[in-house]
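Quick one: this structure, given as structure tokens, is what I'll be asking you about.
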Amino acid sequence: MELAELLPFIIIGIIILLVVVLFTFIPVALWISAIAAGVKISIFSLIGMRLRRVVPRMVINPLIKAHKAGVDVNTNQLESHYLAGGNVDRVVNALVAAQRANIELSFERCAAIDLAGRDVLEAVQMSVNPKVIETPFISGVAIDGIEVKAKARITVRANIDRLVGGAGEETIIARVGEGIVSTIGSSQDHKKVLENPDLISQTVLSKGLDAGTAFEILSIDIADIDIGKNIGAELQTDQAEADKNIAQAKAEERRAMAVAQEQEMVARVQEMRARVVEAEAEVPLAMAEALRSGNMGVMDYQNLKNIMADTDMRNMIGRLSKTEDDESNQ
């Protein structure tokens with residue numbers, strides 16, 4: 001087959017290739033949909049989105065939705081929010097929902113909330129339909145020492161103006177828990193808390209716990225309340241046990257000191273006895289010296305011996321008499 005005969009087929013192939021490339025690079029179907037929906041946008045704008053690495057359908061479809069809902073946004077706003085990493089479709093849905101609910105919400109505020117990482121559509125829905133947050137059981141101790149456990153349900157509504165930079169649900173739960181603990185702790189009697197649990201919710205609600213948060217607290221309701229341990233009695237028991245241990249330790253210390261003192265006295269007695277024995281050992285030496293020096297005569301020595309013998313006899317008679325008395329008493 002000659003080149004002249006193949007030329008028409010080559011031209012047709014090139015045309016088909018150009019059409020495929022055209023419809024692939026240029027979203028003609030999307031452009032037709034926008035025109036049919038009444039959104040004025042040129043085909044060159046779609047080509048520019050391709051060149052700026054923007055997916056056209058991620059901008060055009062939300063733009064069509066906003067136009068049909070009567071929300072005033074333009075292509076540049078949606079495209080810049082897409083390039084910033086935001087969710088264009090969610091922002092437009094939030095704007096539509098806010099308009100239907102008569103909530104004043106600008107595109108800039110909505111885009112800032114979305115870029116801050118919060119679900120702006122959920123925030124708008126929560127502004128219309130408040131959310132209920134349930135706390136775990138929170139324990140507090142009344143002045144009489146009885147533990148009271150309470151569970152609360154917090155009804156909150158999103159505050160659009162404080163969504164950027166406002167604290168989340170964890171802060172609300174922590175503040176309400178702190179308020180419940182302080183309210184129970186300031187009660188003189190736990191029975192009053194059980195009789196009027198609404199006092200807790202009224203006291204906590206009056207403290208303005210939603211300041212600086214992304215929510216507005218509508219109500220705080222006590223869902224459940226229960227009695228826990230007698231903390232006061234347990235503390236007194238622990239204190240008594242500690243006092244007993246301290247007293248036992250002090251008594252043991254005094255006993256050890258008494259034993260040590262007793263042993264010291266025994267040692268001193270032994271020392272005194274040793275001195276007495278030492279002194280008695282010196283008596284014969286002194287008597288011998290007195291005899292040699294003539295200060296003591298033989299008769300004096302004999303009289304001393306007689307006195308000592310008489311003393312020993314008297315001691316012996318006394319011991320025998322005492323033994324007989326003891327045997328007779330038995």
Side-chain angles (χ1 to χ4, degrees), residues 90 93-94 97-98 100-103 105 113-114 116-243:
R90 185 167 55 191
N93 289 337
R100 294 291 186 269
N102 293 325
I103 298 175
L105 181 63
I113 295 171
D114 183 63
R118 296 187 181 272
D119 193 338
V120 62
L121 179 59
E122 181 182 357
V124 173
Q125 292 172 348
M126 194 184 300
S127 298
V128 179
N129 184 21
K131 180 180 179 181
V132 177
I133 303 173
E134 185 169 331
T135 66
F137 270 108
I138 300 171
S139 299
V141 181
I143 297 178
D144 59 356
I146 304 299
E147 180 186 23
V148 180
K149 299 179 180 180
K151 179 187 291 186
R153 286 193 177 95
I154 312 165
T155 305
V156 296
R157 180 173 57 195
N159 192 325
I160 302 296
D161 295 332
R162 293 203 300 255
L163 277 177
V164 178
E169 296 181 8
E170 293 79 6
T171 303
I172 293 289
I173 294 175
R175 290 182 179 180
V176 171
E178 180 183 359
I180 291 175
V181 171
S182 62
T183 303
I184 295 175
S186 61
S187 300
Q188 293 291 336
D189 191 352
H190 70 282
K191 296 179 182 178
K192 294 182 180 179
V193 180
L194 297 177
E195 292 173 358
N196 300 306
D198 56 326
L199 293 177
I200 299 177
S201 57
Q202 293 174 4
T203 305
V204 175
L205 190 60
S206 64
K207 292 184 178 181
L209 302 179
D210 54 0
T213 65
F215 303 97
E216 178 185 355
I217 298 178
L218 301 179
S219 67
I220 300 175
D221 304 306
I222 302 300
D224 193 7
I225 192 167
D226 195 6
I227 294 294
K229 300 178 181 179
N230 191 338
I231 303 298
E234 290 185 357
L235 291 176
Q236 291 178 359
T237 302
D238 294 340
Q239 184 63 44
E241 184 68 21
D243 293 340

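Computed from a prediction, not measured in an experiment: that's the story for all the values here. Positions are given from 1 along the sequence.
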Rounded to the nearest 0.5 Å, the CG atom of D226 sits from the CZ atom of F137 at a distance of 6.5 Å
Atom of I138, atom of G177 and distance for their closest heavy-atom approach
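Result for this residue pair: CD1-CA, 3.3 Å.
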Under the side-chain hydrogen bond (donor to acceptor under 3.5 Å, both in side chains) rule, what do T203 and T183 come out as? Steps first, then yes or no, please. CA-CA 7 Å; T203 305; T183 303; 4.7 Å; no
Test side-chain contact (heavy atoms from CB on, under 4.5 Å) applied to T171 and V176, L209, D210, T213, the passing residue
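Output: one option passes, namely T213.
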One should read off an interatomic distance between R175 CZ and T135 OG1, to the nearest 0.5 angstrom, of 15.5 Å
* Heavy-atom check, side chain of V141 versus side chain of I146, under 4.5 Å -> no
The reported gap from CG in N159 to CE in M126 (rounded to nearest 0.5 angstrom) is 11.5 Å
Margin query: Could you go through K192 and D189, starting from their C-alpha distance and side-chain angles, then the distance that decides it, and tell me whether this counts as side chain to side chain contact (heavy atoms under 4.5 Å, CB included)?
Written below: CA-CA 6 Å; K192 294 182 180 179; D189 191 352; 4.3 Å; yes
Heavy-atom closest contact (R118 atom, G168 atom, distance) =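 Smallest heavy-atom distance, with atoms named: NH2-N, 4.4 Å.
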So side-chain hydrogen bond (donor to acceptor under 3.5 Å, both in side chains) across residues 122-132, not counting sequence neighbours, yields K131-E169
message = For T155 and S219: C-alpha separation, side-chain torsions, deciding distance, then whether side chain to side chain contact (heavy atoms under 4.5 Å, CB included) applies.
response = CA-CA 5 Å; T155 305; S219 67; 3.3 Å; yes
In Å and rounded to the nearest 0.5 Å, what is the CG to CZ distance from L218 to R157?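 If we round to the nearest 0.5 Å, L218:CG and R157:CZ are 5.0 Å apart.
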**Item:** Nearest heavy atoms of V120 and A94, plus distance in Å
**Value:**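 Heavy-atom minimum between the residues: CG1-CB, 3.7 Å.
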| query | Within the side chain of N196, is there an N or O that forms a donor-acceptor pair under 3.5 Å with the backbone of D198? | reply |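 Not at all, since once roles are kept as given, no pair shorter than 3.5 Å links the two residues.
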When rounded to the nearest 0.5 Å, the distance separating OG of S186 from CD1 of I143 is 7.0 Å
Correct closest heavy-atom pair for I180 and A152 would be CD1-CB, 3.9 Å
Please evaluate residues I172 and I217 with respect to the criterion side chain to side chain contact (heavy atoms under 4.5 Å, CB included), reporting the C-alpha separation (whole Å), side-chain torsions for both, the decisive distance (0.1 Å), and the verdict. CA-CA 9 Å; I172 293 289; I217 298 178; 4.1 Å; yes
| Which heavy atom of I160 sits nearest a heavy atom of I113, and at what distance? |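 Reported closest heavy-atom pair: O-CD1, 3.9 Å.
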Subject >> Test item: V128 and I103 side chains (from C-beta on) under 4.5 Å apart, heavy atoms >> reply: yes
Contact between V156 and E216 at the side-chain level, heavy atoms closer than 4.5 Å - yes or no? no
- Report the distance from atom CD1 of I154 to atom CZ of F215, rounding to the nearest 0.5 Å.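 Reported value, rounded in 0.5 Å steps: 10.5 Å.
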### Query
Which heavy atom in S182 sits nearest to a heavy atom in K207, and how many Å separate them?
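Closest approach of S182 to K207, heavy atoms only: OG-NZ, 2.9 Å.
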Checklist line | Step-by-step side chain to side chain contact (heavy atoms under 4.5 Å, CB included) determination, E134 to K151 | finding: CA-CA 7 Å; E134 185 169 331; K151 179 187 291 186; 3.1 Å; yes
Check: Does a salt bridge link E147 with K229, judged by any charged N lying under 4.0 Å from a carboxylate O?
Finding: no
- Do the side-chain N and O atoms of Q239 and D243 include a donor-acceptor pair separated by under 3.5 angstrom?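 Yes, because at least one side-chain N or O of Q239 sits under 3.5 Å from a partner of the opposite role on D243.
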